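Numbered from 1 within each chain, the chains take letters A, B, ... in sequence-line order. Fair warning: this is a prediction, and the values are worked out from it, not measured in the lab.
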Amino acid sequence: MQPGELVAVGITDDQVSIADAGGTTAHRTDDPVELLRRFDEAGPRWVWWSARETVAPWANAWRPRACWDLAAVARLLDGGHHDFAAAPNATDDMLDFGAPVVDRGPARAREIALEQLENLRALPDPRAQPGAVPLAVLTAYAESAAAVLAVELEHTGLPVDTTAMAAILRPVIGERPVDDAHAAATRRHRDDAVRRLFPHSDDVDLRNPAQVREMLARIGLDLPDTRSWRLQPHVDTSPAVRALVAWRKAERLATTYGWNWLDRDVGADGRLRGIWHAAEGAGRMTASAGLHNLPAELRPAVRADPGWVLVRADLGQVEPRVLATVSGDEALADAARQDDMYAPVAAALRCDRPTAKVAVLAAMYGQTSGTAGNALRDMDRAYPTAMAYLRAAEEAGRTGRDLRTYGGRLLPLHRALEDSRYPPMSWGRFARNAVVQGAAAELFKAWAATVRAGLAGTEGEIVLCLHDELLVHAPAETADAVADLMRTALAQTAHWWASGSGVRFVADIAIGASWADAH
DNA sequence: TCGGTCACGTA
DNA sequence: CGTACGTGACCGAG
């Protein structure tokens, strides 16, 4: 077993099967974890069908160092949604080799890994890095690590102080109901506080937008819909509208983050657990159970254990920096050398900073309403390469031509266009955004994988990944070391990911007892 | 029971 | 400015 060698592994309670260049060997054992840790010393890159299948049963005791996840790499190569653990025998659950996977032994896994490796090596490397490990291969490493991380995040969970959470919730949504009647009464009480501010509205169902719209008409507000941003202009002039908006906020907490959620998704051990996916859509990680949309007001209740801290790190202005990298625009890369890249952009566009920011975002996301029109034309003059890159992506989306992200993830726009099940939407705008968002997700996962590797052998654990933000739970006395690790890991990752571009990536890092404190 | 719509939280 | 995602209530069709 050589360092970095692709070694496929299958694990059962009493056996570890290994396939390397020398063939397949079955090792009988009554302690698979002890054996795996020993093998890990040699530095293999473990190959498996999916981390969920192979690692999840051992996630309490074994943290593999490096891996090659066939499902994760298959998703990278052909833009699908492979998950072998979910449906090992389903016919649509095949790698892109023209046939369903029947033989699922380690030897076959290793063969497929080698084929995937060749396919990745055949992709063009967008960096000028002759002789280096190709970017798509490094991306495969990171995507594989993210798949393990997803399994570990499910196992570990996010530490929540349920007493503190209840204390935040109670004034907003009422006491924890003791039975259905109590729940209904609490609900009615909250509803009545709003309904009595509107004439003839005692029976209005506040959860029915059509009825709410009629109710608003009775105080002279004729609105096309009842979304909060339409109500917002009237909160200062109408106490009734103000109450309705407040009700909406409370209703959100009561339904999505209420007692039900607390009972269902927070374990007795005070850990909030959801299902994690390492790459959905353009390639971002996703999580259920509200982990990715926890309202800010609840974050003070995300608390480290006694004697521990949360170390938070988030990437600054990551998407424009990613755009500068992936497009190879030297002027934008120059701007991205600064701590605040919108300052030089504003200078180049001869406008103020807020305008510059809107112009950059509008370019990346394909704005439709024309407030940033002038600034966009200036963007074209100042950053023609970046703008051409985005326009090419949009064109590919509109015409249904497949694209790859910077790291090599296939964006199957051809499939999207011909599949009429997809809702009618602008695939041009989707593609324009996906090449940036997807590449940013790749950088983020590579960073997270490096942090994960640096935490090996310590008690610290990553407990949340939030698109551009990492949260690590660690003993208080190690907090500074963890913060250093997160900063160093970013520098190391950016060094190969953005090599030659000159783009700098920056992280804001803070330590606190709660998520809210770590700002 | 199911998909569609509305609504809204996060990045 | 806009994209992405997950969640939940309600509606109307089946």
Side-chain angles (χ1 to χ4, degrees), chain A residues 81 158 187 191 204-213 223-232 244-245 247-258 260-261 264-265 274-299 302 312 314-320 322-323 342 354-376 379 390 393-394 397 411 421-441 444 464-471 515:
Chain A
H81 298 265
L158 183 68
R187 203 164 109 135
D191 294 6
V204 165
D205 180 357
L206 295 175
R207 294 158 192 83
N208 181 328
Q211 289 189 32
V212 170
R213 189 161 168 261
L223 303 174
D225 60 63
T226 72
R227 289 179 159 84
S228 65
W229 64 269
R230 279 204 206 279
L231 301 176
Q232 207 55 51
L244 176 60
V245 169
W247 178 91
R248 279 263 176 82
K249 225 172 151 46
E251 177 70 2
R252 164 69 43 185
L253 286 193
T255 54
T256 307
Y257 304 99
N260 239 338
W261 166 74
R264 187 187 61 235
D265 295 329
I275 311 267
W276 284 82
H277 291 285
E280 290 291 308
R284 276 186 170 184
M285 297 180 84
T286 62
S288 66
L291 282 158
H292 273 180
N293 34 15
L294 201 72
E297 59 198 298
L298 301 186
R299 294 181 181 195
V302 174
R312 191 198 112 261
D314 74 283
L315 302 177
Q317 305 172 342
V318 63
E319 293 196 339
V322 163
L323 174 61
Y342 292 125
T355 307
K357 181 173 176 176
V358 167
V360 172
L361 294 179
M364 284 191 294
Y365 303 148
Q367 81 146 39
T368 48
S369 57
T371 46
N374 282 331
L376 271 176
M379 283 284 293
L390 293 168
E394 175 165 352
L411 299 171
R421 288 173 306 177
Y422 284 81
M425 66 163 281
S426 165
W427 289 105
R429 266 211 310 280
F430 167 81
R432 179 186 275 262
N433 179 246
V435 290
V436 178
Q437 190 190 99
F444 175 82
L464 189 71
C465 294
L466 192 45
H467 309 315
D468 65 356
E469 180 173 348
L470 267 178
L471 209 55
W515 189 5

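Residue-level contact check: Ala434(A) touches neither bases nor backbone, having no heavy atom under 4.0 Å from any strand.
At dG6(C), one or more side-chain N or O atoms of Thr286(A) fall inside 4.0 Å of OP1 or OP2 (strictly under the cut-off). In this model, the phosphate group of dA4(C) is not approached by any side-chain N or O of Arg432(A) to a distance below 4.0 Å at OP1 or OP2.
Remark: C1' of dT7(C) and CG of Asn260(A) are 12 Å apart, rounded to the nearest angstrom. Atom CG in Leu323(A) sits roughly 18 Å away from atom P in dG2(C) (whole-Å rounding). As rounded to whole Å, 12 Å separates atom C1' of dT7(C) from atom CH2 of Trp261(A). The CZ atom of Arg264(A) sits 15 Å away from the P atom of dG6(C) (whole-angstrom rounding). The interatomic distance linking Met364(A) (CE) with dT3(C) (P) rounds to 13 Å, in whole Å.
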>> Walk me through whether Asp265(A) and Leu291(A) qualify under side-chain contact (heavy atoms from CB on, under 4.5 Å).
In response: CA-CA 10 Å; Asp265(A) 295 329; Leu291(A) 282 158; over 6 Å; no
> Step by step, would you call Leu466(A) with Leu471(A) a side-chain contact (heavy atoms from CB on, under 4.5 Å)?
Replying inline: CA-CA 8 Å; Leu466(A) 192 45; Leu471(A) 209 55; over 6 Å; no
> Along nucleotides 6-11 of chain B, 5' to 3', which nucleotides get a B, which get an S, and which get a -, given that the test is a protein heavy-atom distance under 4.0 Å?
Replying inline: SBBBBB
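Checking dT3(C), dA9(C), dT7(C) against every side-chain atom of Thr255(A), the shortest atom distance belongs to dA9(C).
Between the side chains of Tyr257(A) and Asn293(A), at least one donor N or O lies within less than 3.5 Å of an accepting N or O.
By the side chain to side chain contact (heavy atoms under 4.5 Å, CB included) test, Thr256(A) pairs with Arg252(A), sequence neighbours left out.
Using a 4.5 Å heavy-atom cutoff, the side chains of Glu469(A) and Trp515(A) are in contact.
Atom NE2 of His292(A) and atom CH2 of Trp276(A) lie 3.5 Å apart (nearest 0.5 Å).
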